[in-house]
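These numbers come from a predicted model, not from an experiment. Ligands are counted one by one from 1 in listed order, and the atoms in each one are counted from 1 as well. When reading the values below, keep in mind they use all heavy atoms of this one structure, side chains included, and skip hydrogens, waters and symmetry mates.
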Amino acid sequence: MTFRASVLTLYPEMFPGALGLSLAGRALERGDWSLEAVQIREFASDRHRTVDDTPAGGGAGMVMRADILAKAIDHVSPPGDQRPRLLMSPRGRPLAQERVRELAAGAGALIVCGRFEGVDQRVIEARGLEEVSIGDYILSGGEPAALVLLDAVVRLLPGVMGNEASGSEESFEGGLLEHPHYTRPQEWERRAIPEVLVSGNHGKIAEWRRAEAEKLTRERRPDLLAATQPVRK
Ligand code: SAH
């Protein structure tokens, strides 16, 4: 089963963008996943291909119209399409690895990229759009957010990552941030690689990595520890 991504956007030229290169790009070429970027303007009905209008109630900016967006959604994701329908939105649930893993296990995703002030609330409700945020800051459009989401998902698809093991040992996978990394040279600017890592003692190495991961997580992201295990002293 190929993961199918359909992106609704006013800037289809932004895709595949960075996802056309490296791991994701090679996987795209191999057909491990597919991507269609659909121009929302194609579903506009007037000569100027207008997709937005002024906000009801007044105020600055423009709002994407429900009727036009719904036409685009219905065209790309007709009834019966099993894929979740996502709307990139700063008001959404913050994207985390757990949701990324769920998405990667599914048939694909329809991703709506907002622009201007956002989209008419009625289309969010009527088409059951799941709002997804990539962090507490405002982008100028949903496209970079969609690229971020797809990057995170695609690298988890079967066969995409060269070394499968490196996926399961990363930050967040065990509810912890990852331990620090080192590589040659053994000494650099009078800094040595921690002794234990060159000891060849794999039990000790695993223990050290676990302890470092816990220490980092406690210092930087105590919220992650609280979510996965009882708080330690
Ligand atoms: N007026 C809105 C922001 C609109 S930004 C508000 O204050 O909530 C324009 C578009 O960029 C949004 O519709 C959304 O699709 C995208 N976007 C901006 N920030 C985002 C974020 N942190 N995560 C996901 N999408 C984002």
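The protein non-hydrogen atom at the shortest distance from atom 13 (O) of ligand 1 is Gly114 CA, 3.4 Å. In this structure, the protein non-hydrogen atom closest to atom 14 (C) of ligand 1 is Met88 O, 3.1 Å. The single protein non-hydrogen atom nearest to atom 19 (N) of ligand 1 is Leu139 N, 3.0 Å, given as residue, atom name and distance. Closest to atom 26 (C) of ligand 1, if we only count protein heavy atoms, is Pro90 CD, 3.6 Å.
Distances below 4.0 Å separate heavy atoms of Ala145 from the following atoms of ligand 1: 24 (C), 25 (N). Per-residue contacts place Gly118 under 4.0 angstrom from the following atoms of ligand 1 (heavy atoms of the residue considered): 13 (O). Listed by number with element, the atoms of ligand 1 under 4.0 angstrom from any heavy atom of Val132 are 24 (C). Atoms of ligand 1 lying under 4.0 Å from at least one heavy atom of Ser133, given by number and element, are 22 (N), 23 (N), 24 (C). Distances below 4.0 Å separate heavy atoms of Glu117 from the following atoms of ligand 1: 1 (N), 2 (C), 4 (C). Counting the atoms of ligand 1 from 1 in the order shown, those under 4.0 Å from a heavy atom of Tyr137 are 19 (N), 21 (C), 22 (N). Distances below 4.0 Å separate heavy atoms of Phe116 from the following atoms of ligand 1: 4 (C), 5 (S), 9 (C).
Rounded to the nearest 0.5 Å, atoms CG (Leu149) and CD1 (Ile134) are 9.0 Å apart.
With distances taken over non-hydrogen atoms, the option nearest atom 24 (C) of ligand 1 out of Cys113, Gly92, Gly142, Ser89 is Ser89.
Contact check on Glu102 versus Arg99 returns a salt bridge, with a Lys/Arg side-chain nitrogen under 4.0 Å from an Asp/Glu carboxylate oxygen. Using a 4.0 Å cut-off between charged nitrogen and carboxylate oxygen, Lys204 and Glu195 do not count as a salt-bridge pair.
Screening Glu207, Glu214, Glu212 for a salt bridge (charged side-chain N to carboxylate O under 4.0 Å, His left out) with Arg210, the sole residue that qualifies is Glu214.
Judged by distance alone, with hydrogens and angles left aside, the side-chain atoms of Arg127 form no donor-acceptor pair with the main-chain N or O of Asp74 at under 3.5 Å. Side-chain atoms of Arg122 do not come within 3.5 Å of backbone N or O of Ala66 as any donor-acceptor pair. With Ser171 contributing its side chain and Glu178 its backbone, the two residues share a donor-acceptor pair below 3.5 Å.
Considering only heavy atoms from C-beta on, Asp151 comes within 4.5 Å of Leu19 through its side chain.
In terms of polar-atom proximity, Ile138 is not counted as a contact of ligand 1, lacking any N or O under 3.5 Å from an N or O of the ligand.
Between the side chains of Ser6 and Arg83, at least one donor N or O sits under 3.5 Å from an acceptor N or O.
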